[in-house]
Amino acid sequence: MSDERISAATATSQDLSIERFLRPQTFDEFVGQRGVLDNLKVYVQAARNRGDVLDHILISGPPGLGKTTLAGIIANELQTEMRHTTGPALEKPADLAGILTNLAPGSVLFIDEIHRLGRAVEEYLYAAMEDFRLDIVIDTGASARSVRLELPKFTLVGSTTREGLLASPFRARFGVLEKLDYYPWQDLQTIVKRSSGILGISIDEEAACLVARRARGTPRLANRFLRRLRDFAEVGGKSTVDKEAAEDGLTRLGIDEEGLDAMDRRILVCIAQQGGVPVGLKTIAVSVGEEESTIEDVYEPFLIQKGLLRKTARGRVATEKACEHVKAEKPDGLFG
Ligand code: ADP
């Protein structure tokens, strides 16, 4: 179960291989997020009509909501190639130069976790985004000199879970800024049904609804629950995931009726124990044994959205609803 809990934060390697099958390829296959989609469709169409590259796009939002999927769709709809990399993978300006100089003209460069780009690389990217050129310093000391590389025109699609960490000059270089929000359960139910069709999993309407309601507004989790429920059903000798099997399976995965997992509850218990005194992020991280950044990126946005946690200038406070929700939890049992 601890693996399930940890992977609620990020994609597991198993997720990543299955996600390739499940990923919508076109705007029409992408479920929900109508506002974002409608805007992107217009920008893509306009760029195609002009025969020009699309402006750089920044997509923000919690993990698992479809940022990578959208980047791929944008490239598909532009009928161009996409190169995929991540902020932490671009350690040195030379890493960036290697990628940029090899891009096909008009293609999409997708940088996931763009808030984790090193400052030096980020500054090189400024000129590449604005003028499609790169001034690289080669050699050191007396023989150091700057070489200008002309780049093919490209569209940068950046994805981030922490838009606030991007320097403002960097943010300002994106012509399009879009934010993905947690999905309503109705959209997740559609996603669960779509995925069950692709993966050949039989799930009834009520069970799909239950999965959708407990998947914390996140398609990646809905898809993961679906696969685990299939495992439970198959091993239990059932050919269809019905409501009973879904309820039983989600309980085994530690997901409660609010869609909270064990880590969400630990966080709330840790804060609720302080009886209304705000608790610092560091204290929470140490108490629950999770990275501060994961708590901020993954757990808090959902708890805030659910009205269970509030951020104040002095720290985090659990709401009355949260205290009520976790009152039966035993701190000793959780942390012991
Ligand atoms: P992110 O990049 O935001 O972490 P991904 O794009 O990797 O999220 O999406 C995770 C999984 O969820 C993918 O397999 C994709 O199939 C599915 N998914 C995400 N958004 C949607 C959507 N709107 N419709 C259908 N499936 C989706």
Side-chain angles (χ1 to χ4, degrees), residues 4 6-41 57-77 82-89 108-116 156-163 165-166 177-201 203 208 211-212 214-228 230 259 293-294 296-299 301-302 305:
E4 283 297 337
I6 291 163
S7 57
T10 48
T12 60
S13 54
Q14 197 199 17
D15 280 334
L16 292 177
S17 59
I18 297 228
E19 279 177 5
R20 257 177 244 137
F21 291 113
L22 294 181
R23 224 161 233 152
Q25 303 292 324
T26 61
F27 282 133
D28 290 340
E29 284 173 30
F30 194 88
V31 179
Q33 310 282 352
R34 291 325 308 177
V36 174
L37 230 60
D38 288 346
N39 289 343
L40 289 176
K41 277 183 191 171
I57 302 175
L58 182 67
I59 309 174
S60 60
L65 296 197
K67 299 182 293 298
T68 308
T69 305
L70 269 183
I73 291 176
I74 291 167
N76 279 347
E77 299 276 358
M82 180 172 96
R83 186 77 196 266
H84 182 158
T85 184
T86 69
V108 168
L109 171 63
F110 175 58
I111 307 185
D112 199 5
E113 298 186 81
I114 200 161
H115 58 279
R116 292 179 64 195
L156 174 65
V157 179
S159 139
T160 179
T161 49
R162 299 285 293 282
E163 193 184 345
L165 293 185
L166 257 66
L177 299 148
E178 294 290 349
K179 186 169 166 25
L180 297 185
D181 283 320
Y182 290 114
Y183 291 67
W185 68 265
Q186 293 88 340
D187 285 349
L188 288 184
Q189 190 179 16
T190 307
I191 292 174
V192 168
K193 289 201 262 180
R194 173 181 180 273
S195 302
S196 61
I198 297 172
L199 298 173
I201 300 175
I203 179 166
V211 171
R214 296 210 192 165
R216 59 190 307 143
T218 307
R220 174 174 292 136
L221 276 186
N223 286 339
R224 183 182 307 157
F225 291 165
L226 176 68
R227 299 195 315 271
R228 294 293 73 79
R230 168 178 59 183
S293 57
T294 306
E296 277 203 290
D297 290 0
V298 181
Y299 293 100
F302 179 68
Q305 199 237 16

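Order of listing sets the numbers, starting from 1, for every ligand and every atom in it. Here, residue 1 is the first one in the sequence, and each next residue gets the next number.
- At under 3.5 Å, a nitrogen or oxygen of Lys67, whether backbone or side chain, sits near a nitrogen or oxygen of ligand 1.
- If you look at Ile191 next to ligand 1, the close heavy atoms, those under 4.0 Å, all belong to the side chain.
- For the pair Gly32 and ligand 1, no heavy-atom separation below 4.0 Å is found.
- Near Pro63, the atoms of ligand 1 lying under 4.0 angstrom from a non-hydrogen atom of the residue are 4 (O).
- Contact atoms of ligand 1 toward Leu22: 16 (O) (distance under 4.0 Å to a heavy atom of the residue).
- The heavy-atom pair separating Ala215 from Leu188 by the smallest distance is CB-CD1, 4.0 Å.
- Here the closest heavy-atom approach between residue Val31 and residue Tyr183 is recorded as O-CE2, 3.2 Å.
- Between the side chains of Thr86 and Asp112, not a single donor N or O lies within less than 3.5 Å of an accepting N or O.
- Here the closest heavy-atom approach between residue Phe225 and residue Arg214 is recorded as CE1-O, 3.5 Å.
- Each of the atoms 5 (P), 6 (O), 9 (O), 13 (C), 15 (C) of ligand 1 lies under 4.0 Å from some heavy atom of Thr69.
- Residue Asp187 comes nearest to Gly32 through the heavy atom pair OD2-CA, 3.4 Å, listed as atom of the first residue, atom of the second, then distance.
- In this structure, Gln33 does not count as a contact residue of ligand 1, since none of its heavy atoms falls inside 4.0 Å of the ligand.
- Here Glu77 does not pair with Lys41 in a salt bridge; the nearest charged N to carboxylate O distance is not below 4.0 Å.
- Heavy atoms of Ser159 come nearer than 4.0 angstrom to ligand 1 in no pair at all.
- Distances from atom 8 (O) of ligand 1 to the heavy atoms of Pro219, Gly61, Gly66 show the closest one on Gly66.
- Not a single N or O atom of Arg194, backbone or side chain, sits closer than 3.5 Å to an N or O atom of ligand 1.
- The two residues Phe110 and Ala71 make their nearest non-hydrogen contact at CD1-CB, 3.4 Å.
- In this structure, the side chain to side chain contact (heavy atoms under 4.5 Å, CB included) partners of Thr69, at least two apart in sequence or on a different chain, are Arg23, Pro24, Phe30, Ile73.
- Compare Arg23, Arg224, Glu113 by their heavy atoms: the one nearest to atom 7 (O) of ligand 1 is in Arg23.
- Within ligand 1, counting atoms from 1 as listed, the ones closer than 4.0 Å to a heavy atom of Tyr183 are 20 (N), 21 (C), 22 (C), 23 (N).
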Show me the side-chain donor-acceptor pairs of residues 58-68 shorter than 3.5 Å, one per line, residues at least two apart or across chains.
{"from": "Ser60", "atom 1": "OG", "to": "Glu163", "atom 2": "OE1", "distance (Å)": "3.1"}
{"from": "Lys67", "atom 1": "NZ", "to": "Gly61", "atom 2": "O", "distance (Å)": "3.0"}
{"from": "Lys67", "atom 1": "NZ", "to": "Pro62", "atom 2": "O", "distance (Å)": "2.8"}

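- Counting atoms of ligand 1 from 1 in the listed order, those under 4.0 Å from a heavy atom of Pro24 are 16 (O), 24 (N), 25 (C), 26 (N).
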